[in-house]
Asker: 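Here it is, the structure in full.
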There are 2 protein chains.
Amino acid sequence: MQGQKSRASFRRRTTMADVARDVGVSAITVSRALRNPETVSEPVRERITEACRRLGYVPSRVASALASARSKTISVLIPSLTNIVFVEVVAGIKQILDALDYQMLIGITGYEDQMAEERLLMQHLEYAPDGILLTGIDQSETVIRLLGDFSVPAVHMMDSSERADCSWVGFSNTDAGAIAGRHLLETGRRHIAIVAAQLDPRSTRRCDGCRDVLQAAGHYDPALDIRVPHSSSIPLGAELVQKLLREHEACDAVYFCNDDLAHGALFWCSQNGVAVPERLAVVGFHDFSASAWTPPPLTTIETPRQEIGREAARLLMARIEDPGQPARQIDLGARLIRRASS
Amino acid sequence: MQGQKSRASFRRRTTMADVARDVGVSAITVSRALRNPETVSEPVRERITEACRRLGYVPSRVASALASARSKTISVLIPSLTNIVFVEVVAGIKQILDALDYQMLIGITGYEDQMAEERLLMQHLEYAPDGILLTGIDQSETVIRLLGDFSVPAVHMMDSSERADCSWVGFSNTDAGAIAGRHLLETGRRHIAIVAAQLDPRSTRRCDGCRDVLQAAGHYDPALDIRVPHSSSIPLGAELVQKLLREHEACDAVYFCNDDLAHGALFWCSQNGVAVPERLAVVGFHDFSASAWTPPPLTTIETPRQEIGREAARLLMARIEDPGQPARQIDLGARLIRRASS
DNA sequence: TTGTAAGCGTTATCAC
DNA sequence: GTGATAACGCTTACAA
């Protein structure tokens with residue numbers, strides 16, 4: 001069959017067998033020399049190393065994966081790549097994988113429905129990943145079943161759950177939203193708006209957590225609970241704060257479930273003479289790097305995104321090494337960063 | 001050998017042979033039904049489709065890649081994931097690959113030396129990618145040779161080159177820098193600073209392009225040409241503009257080779273009573289989404305990052321389909337977006 | 001410490 | 001239109 005890219009000037013890839021022949025040993029010895037050097041005698045090992053270099057041998061992970069049922073690849077499913085939040089999670093994951101010589105296949109779910117995530121997961125299963133990192137804990141039953149059927153270890157990221165049978169690394173979005181609500185109440189605000197975009201399960205929980213706190217204090221006003229499905233952005237934040245102030249004069253604070261919305265609001269306020277925090281207090285979510293520099297610097301909820309990526313990758317690798325391990329949950333928390341906007 | 005993850009409750013993965021047995025045809029017929037449905041008779045095809053669904057068959061790309069020497073994977077090598085610029089390039093690439101059922105392996109070179117890029121490339125070659133997308137055109141000879149040895153088509157992104165033997169999709173960083181310089185000269189500035197961080201070959205060219213224009217006009221001052229190796233960020237921009245104004249009173253304009261530096265400068269100026277653009281004109285590079293909203297909105301050079309990603313992926317796929325194709329170069333240009341900061 | 005044989009799940013080739 | 005057979009390059013199991 002020789003599945004070569006049958007072109008005129010094709011040069012066969014150097015294989016383990018080529019190296020073995022060159023050294024005068026069998027292929028399996030080369031295989032061992034590369035994977036477990038200590039199981040091969042020193043002189044042979046050295047000749048193999050030298051021959052690999054000289055012949056420009058690059059091992060085939062494809063063949064290795066097929067033979068060993070270990071692809072040294074994990075799949076990472078995130079909602080978006082253009083949202084810096086997930087990019088930082090991925091950066092954390094990469095730190096861990098690089099050290100272990102694992103590669104990462106990134107899948108973008110695009111904030112779509114659960115069916116889309118199922119399709120994406122099936123696509124990724126074709127690559128036989130050794131493990132999967134998922135965003136959030138709201139996967140469909142089908143996704144859970146598929147992971148079981150293919151016995152692929154999974155770790156959920158960026159949220160928390162009561163379930164003891166699934167591993168996750170994240171924080172409680174509900175609690176984090178509550179922190180924002182409590183802070184605004186404590187600073188004397190009584191007409192607090194909640195503004196969210198995107199409306200994935202996590203941003204919804206961030207809003208609900210805040211709402212519950214306001215409600216318990218008797219200061220919740222449904223008219224100030226504004227949730228739009230559009231994707232989160234600076235212009236949207238500017239637009240929403242403008243509308244909010246026009247329609248609700250009494251409003252004296254806003255909690256945005258994403259920093260970019262808050263940035264847009266701050267920019268609009270500074271350009272339109274709305275004093276922050278005197279007239280309007282603003283709180284964001286996620287603590288983007290620009291949030292320390294906006295006019296004025298933004299009070300926000302810091303989330304440990306890189307660390308979530310790192311810990312999730314570590315936990316996943318542990319489960320790959322030993323599939324018998326019980327599920328683990330790691331809550332890394334979220335905390336208020338108080339700056340001048342509130 | 002049976003390379004199974006030998007655990008107690010292991011369930012063998014459903015294979016093509018299982019589907020074939022179920023339907024009562026040979027494996028190769030199943031293979032054909034999935035890849036070229038029209039080459040299989042309709043009744044058989046339907047029974048195969050049905051059996052695949054019923055048995056939960058997920059094809060193995062690993063086996064497919066080994067047998068066909070087509071991994072349906074491409075490698076994308078970029079300097080950083082936390083820099084939004086490259087994330088947008090990746091987003092563009094993904095658009096094209098998704099439609100063609102290709103996956104992407106992302107490698108981060110980390111702005112390191114060329115040796116690091118060589119090591120990274122070798123790692124990626126282990127996965128036998130069908131093609132490679134590289135950032136910039138300054139790869140070492142070794143990288144070029146490796147790509148040739150493994151006959152992997154490559155397309156360079158985000159810069160331009162005179163060489164006719166390499167494919168690239170990007171723009172001239174030199175010309176883009178010149179645009180910034182010319183604009184500042186045309187608006188009457190005579191003491192123009194050039195400020196760059198990171199100092200990869202592309203940002204260096206962006207500076208040099210500006211410098212050459214200033215020099216030709218007789219308004220280049222080496223003391224105002226400030227290039228630091230640190231990575232580009234908002235705080236760094238704030239720090240550098242402060243230093244600049246303190247040490248060079250006459251300076252009346254700054255060209256930053258990255259928007260985040262410019263953002264930092266604008267934030268610092270607005271917080272310290274430096275009038276932009278009256279006292280100091282500011283020009284950035286890349287047109288980040290926040291640049292339309294800074295105080296004041298930032299004049300910058302827009303670069304077509306998503307489109308570069310898309311076109312580069314298209315070009316690469318064309319070269320994968322037909323390796324005989326001659327190299328192509330696509331210059332997508334960069335243009336000035338004039339806003340209130342200049 | 002090293003080797004032999006078999007097979008991972010698919011596709012190329014050639015035959016029918 | 002369909003099938004038998006032999007790879008693809010490597011690793012597991014077992015033997016020496």
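All values reported here derive from a predicted model rather than from experimental measurement. Just so we're on the same page: letters track the sequence lines, and every chain starts at 1.
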Asker: Is any side-chain N or O of Ser41(A) closer than 4.0 Å to OP1 or OP2 of dT2(C)?
Answerer: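 Yes, Ser41(A) has a side-chain N/O under 4.0 Å of OP1/OP2 on dT2(C).
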Asker: Determine to 10° how strongly the helix from dT1(C)-dA16(D) to dC16(C)-dG1(D) is bent, judged from the axes of its five-pair ends.
Answerer: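 About 30° separates the two local helix axes.
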Asker: Would you say Tyr57(A) places a side-chain N or O within less than 4.0 Å of OP1 or OP2 belonging to dC10(D)?
Answerer: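 So the side chain of Tyr57(A) is within the cut-off, an N or O lying under 4.0 Å from OP1 or OP2 of dC10(D).
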Asker: Select one nucleotide: of dT11(D), dT2(C), dG9(C), the one nearest the side-chain heavy atoms of Leu66(B).
Answerer: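 Closest of the options to the side chain of Leu66(B): dG9(C).
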Asker: Tell me the interatomic distance from Leu34(A), atom CG, to dT12(D), atom P, rounded to whole angstroms.
Answerer: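 Rounded to whole Å, this separation is 13 Å.
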Asker: Does anything in residues 16-33 of chain B reach DNA chain C, meaning a heavy atom under 4.0 Å, and if so which residues?
Answerer: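 Hits under 4.0 Å, by residue number: Met16(B), Ile28(B), Ser31(B).
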Asker: Can you tell me if CZ on Arg328(B) sees more than 12 non-hydrogen neighbours from other groups inside 6.0 Å?
Answerer: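 No - once you tally the heavy atoms of other residues, nucleotides and ligands closer than 6.0 Å, there are 12 at most.
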Asker: Are the side chain of Arg13(A) and the backbone of Val58(A) linked by a donor-acceptor contact shorter than 3.5 Å?
Answerer: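 The answer is yes, because a donor-acceptor pair under 3.5 Å joins these two groups.
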Asker: Rounded to whole Å, how long is the line connecting atom CG of Leu125(B) with atom C1' of dG9(D)?
Answerer: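 Result: 16 Å.
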Asker: Would you check if the side chain of Trp168(A) reaches a backbone N or O of Ser161(A) as a donor-acceptor pair within less than 3.5 Å?
Answerer: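 Yes; at least one donor-acceptor contact below 3.5 Å.
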Asker: Return the value, rounded to whole Å, for the distance between atom CZ of Phe150(B) and atom C1' of dG9(D).
Answerer: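 After rounding, the reported distance stands at 13 Å.
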Asker: Before accepting this row, confirm whether a basic side-chain N of the pair Arg54(A)/Glu50(A) lies closer than 4.0 Å to the acidic partner's carboxylate O.
Answerer: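 So Arg54(A) pairs with Glu50(A) through a salt bridge.
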Asker: Determine yes or no for a side-chain-to-main-chain donor-acceptor pair under 3.5 angstrom, with His156(A) supplying the side chain and Leu134(A) the backbone.
Answerer: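 Side chain of His156(A) to backbone of Leu134(A), a donor-acceptor pair under 3.5 Å: no, none is there.
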Asker: How would you label the contact of Val44(B) with the nucleic acid (heavy atoms, under 4.0 Å): base, sugar-phosphate, or nothing?
Answerer: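 If one applies the 4.0 Å heavy-atom cut-off, Val44(B) turns out to touch the sugar-phosphate alone, with no base involved.
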Asker: With a 3.5 Å distance limit and no angle check, can you tell me whether Ser68(A) reaches the backbone of Ser64(A) through a side-chain donor-acceptor pair?
Answerer: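 Present.
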Asker: Whole angstroms only, please: what is the NZ-C1' distance between Lys72(B) and dT10(C)?
Answerer: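 Whole-Å distance recorded here is 14 Å.
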Asker: Determine: side-chain N/O of Arg35(B) to OP1/OP2 of dT11(C), distance under 4.0 Å, yes or no.
Answerer: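 Result: yes.
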Asker: To the nearest Å, how far apart are Asn36(B) CG and dG1(D) C1'?
Answerer: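 Rounded to the whole Å, the gap is 13 Å.
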Asker: May I ask you to verify if any side-chain N or O of Ser68(A) is less than 4.0 angstrom from the OP1 or OP2 atom of dC8(C)?
Answerer: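 For Ser68(A), the contact criterion (side-chain N or O under 4.0 Å from OP1 or OP2 of dC8(C)) is not met.
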Asker: Any idea which heavy atoms bring Arg202(A) and Met158(A) closest together, and the distance?
Answerer: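 Scanning both residues completely, I find the closest heavy atoms to be CD-O, 3.5 Å.
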Asker: Taking Pro326(B)'s backbone N and O only, do any of them form a donor-acceptor pair with Arg319(B)'s side chain (distance below 3.5 Å, no angle check)?
Answerer: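 Yes: the side chain of Arg319(B) pairs with the backbone of Pro326(B).
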Asker: Taking only residues two or more places apart in sequence or in another chain, which ones pass salt bridge (Lys or Arg N to Asp or Glu O under 4.0 Å) with Arg21(A)?
Answerer: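 Expected list: Asp18(A).
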Asker: Could you state the atom-to-atom distance from CD of Glu42(A) to P of dT2(C) in whole Å?
Answerer: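 That distance rounds to 11 Å.
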